[in-house]
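Here is the structure we will look at.
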Amino acid sequence: MIYLKTEDEIELLRAANQLVAQTLTEVGKAVRPGVTTAELNTIADTFIRDHGAVPTFKGFPNPYGGPFPGSICTSVNDVVVHGVPGDSVILKDGDIISVDCGTLLNGFCGDSCYTFRVGEVAPEVQHLLDTTKAALYKGIEAAIVGHRIGDIGYAVQSHCEAQGYGVVREFVGHGIGREMHEDPQVPNYGQRGSGKQMRNGLCIAIEPMITMGTRDVYMMPDRWTIRTRDGKPAAHFEHTIALHNGKADILSSFAAIEQLGL
């Protein structure tokens, strides 16, 4: 069932998502060669709890195995999503790292992801990042009252596949509210005019997961980490939005990250 939010609920969602934005900014400041993903996880966990919220990823159940051990997902290079933070994962110059973060604040969830550069990256990697971030905003532009969920997926897919990139099918965006994952699912692929019709009060997370090579992925033995089958890098950007006065209102933010040039 799709749960449409009231004006007051949208503002609570905005507060949770702004905290995610602040957390991602704090993590981004620490992204550099030699840093471990465990250190980034500690920064995020401390920041979220110090601001009166709970990291929603910590302990999140897994139908294939144990609960998620981290407070953020840290996905490096060919890891598409759900990378587990650890002391053994040390960032190096030229890497990219997608940091996915969720919070629960005053009963409502925030969820956003940003892919950071570690030092200087290759031009082709930068192009992947630019294309994936642009695809996110293409998807957001398609989120209009009266349009359908498939319009979002079509916008993302057509933009990325035109550049020769793969669009991951196995993992999708989602509704969000009191629960981190609610109906409807929001795929990054689809056909115009297909799927559920969008209405005011709909709150969803749009999150393109785009690969430099083929779209094929596989799961690591930890039952969380998802990697590209061909070992090529992947990028992931995510915003939470509300359908508000007929169009998308972005509740999360990359503004502080971008101002810092991260």
Side-chain angles (χ1 to χ4, degrees), residues 1 3 9 12-28 30-31 35-76 79-91 97-116 168 170-186 203-207 209 217-227 234 236-240 251-252:
M1 180 179 291
Y3 168 35
E9 289 171 327
L12 289 167
L13 277 163
R14 192 188 309 278
N17 278 282
Q18 288 300 308
L19 178 56
V20 172
Q22 294 165 17
T23 305
L24 288 174
T25 304
E26 291 303 307
V27 172
V31 170
V35 170
T36 69
T37 55
E39 291 174 291
L40 300 180
N41 184 73
T42 298
I43 290 168
D45 185 89
T46 301
F47 190 86
I48 291 167
R49 296 183 192 278
D50 283 352
H51 286 78
V54 174
T56 49
F57 293 2
K58 180 76 171 177
F60 194 82
N62 184 346
Y64 306 108
F68 191 74
S71 295
I72 54 175
C73 296
T74 51
S75 303
V76 179
V79 177
V80 182
V81 285
H82 305 160
V84 178
D87 292 318
S88 63
V89 185
I90 304 170
L91 300 180
I97 176 171
S98 299
V99 180
D100 197 353
C101 179
T103 62
L104 178 65
L105 177 67
N106 297 322
F108 284 84
C109 294
D111 191 7
S112 182
C113 181
Y114 196 90
T115 302
F116 296 96
V168 172
E170 291 81 358
F171 300 91
V172 298
H174 50 88
I176 186 169
R178 291 186 181 274
E179 301 292 332
M180 185 165 61
H181 296 142
E182 297 182 354
D183 290 334
Q185 291 192 346
V186 185
C203 295
I204 54 175
I206 301 174
E207 48 179 321
M209 289 157 269
V217 299
Y218 70 101
M219 182 182 289
M220 295 290 287
D222 64 12
R223 312 302 288 174
W224 280 108
T225 306
I226 304 298
R227 306 188 95 106
H236 180 196
F237 289 88
E238 177 183 17
H239 270 318
T240 291
L251 305 181
S252 45

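Worth knowing before you read on, the calculation uses all heavy atoms, side chains too, and leaves out hydrogens, waters and symmetry mates. All values derive from a computational prediction rather than experimental measurement.
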For residues Gly83 and Phe68, report the shortest heavy-atom separation together with the two atoms involved. O-CZ, 3.7 Å

Within-4.5 Å side-chain heavy-atom neighbours: Thr25 and Tyr114: no

Atom pair NE2/OG1 of His82 and Thr225 - distance to nearest 0.5 Å: 9.5 Å

Any chance the rings of His236 and Phe171 have centres within less than 6.0 Å? no

Determine whether more than 12 heavy atoms belonging to other residues, nucleotides or ligands lie under 6.0 Å from atom CD of Gln185. no

Sub-3.5 Å donor-acceptor pair from the side chain of Thr103 to the main-chain atoms of Val20, do we have one? no

How far apart are the closest heavy atoms of Met1 and Asp183, and which atoms are they? N-OD2, 2.7 Å

Indicate yes or no: at least one non-hydrogen side-chain atom of Val81 is less than 4.5 angstrom from one of Asp100. no

Without swapping roles, check the side chain of Gln18 against the backbone of Leu251 for a donor-acceptor pair under 3.5 Å. yes

Donor-acceptor pair, distance only, cut-off 3.5 Å: does the side chain of Asp222 make one with the backbone of Val84? no

Can a donor-acceptor pair be found, under 3.5 Å and without considering hydrogens, that links the side chain of Thr240 to the backbone of Gly110? no

Could you pull out the closest heavy-atom pair between Ile48 and Pro55, with the gap in Å? CG2-N, 3.7 Å

What's the spacing between Cys203 SG and Ile176 CD1 if we round to 0.5 Å? 8.5 Å

Check Asn62 against Arg223 and note the closest heavy-atom contact, atom names and distance. ND2-O, 2.7 Å

Verify, without hydrogens or angle tests, whether Asp111 (side chain) and Asn17 (backbone) share a donor-acceptor contact under 3.5 angstrom. no

Give me the atom names and distance for the closest heavy-atom approach of Ala30 to Ile43. CB-CD1, 3.4 Å

Rounded to the nearest 0.5 Å, the SG atom of Cys109 sits from the CZ atom of Arg178 at a distance of 10.0 Å

Would Glu207 and His174 count as a side chain to side chain contact (heavy atoms under 4.5 Å, CB included) here? Give the steps. CA-CA 9 Å; Glu207 48 179 321; His174 50 88; 3.2 Å; yes

Locate the shortest heavy-atom distance separating Ala44 from Ile72; write the atom from each residue and the value. CB-CG2, 3.6 Å

Counting distance only, does the side-chain N/O of Lys58 pair as donor-acceptor with the main-chain N or O of Pro69 below 3.5 Å? yes

Within 6.0 angstrom of Glu170 CD, more than 12 heavy atoms from elsewhere: yes

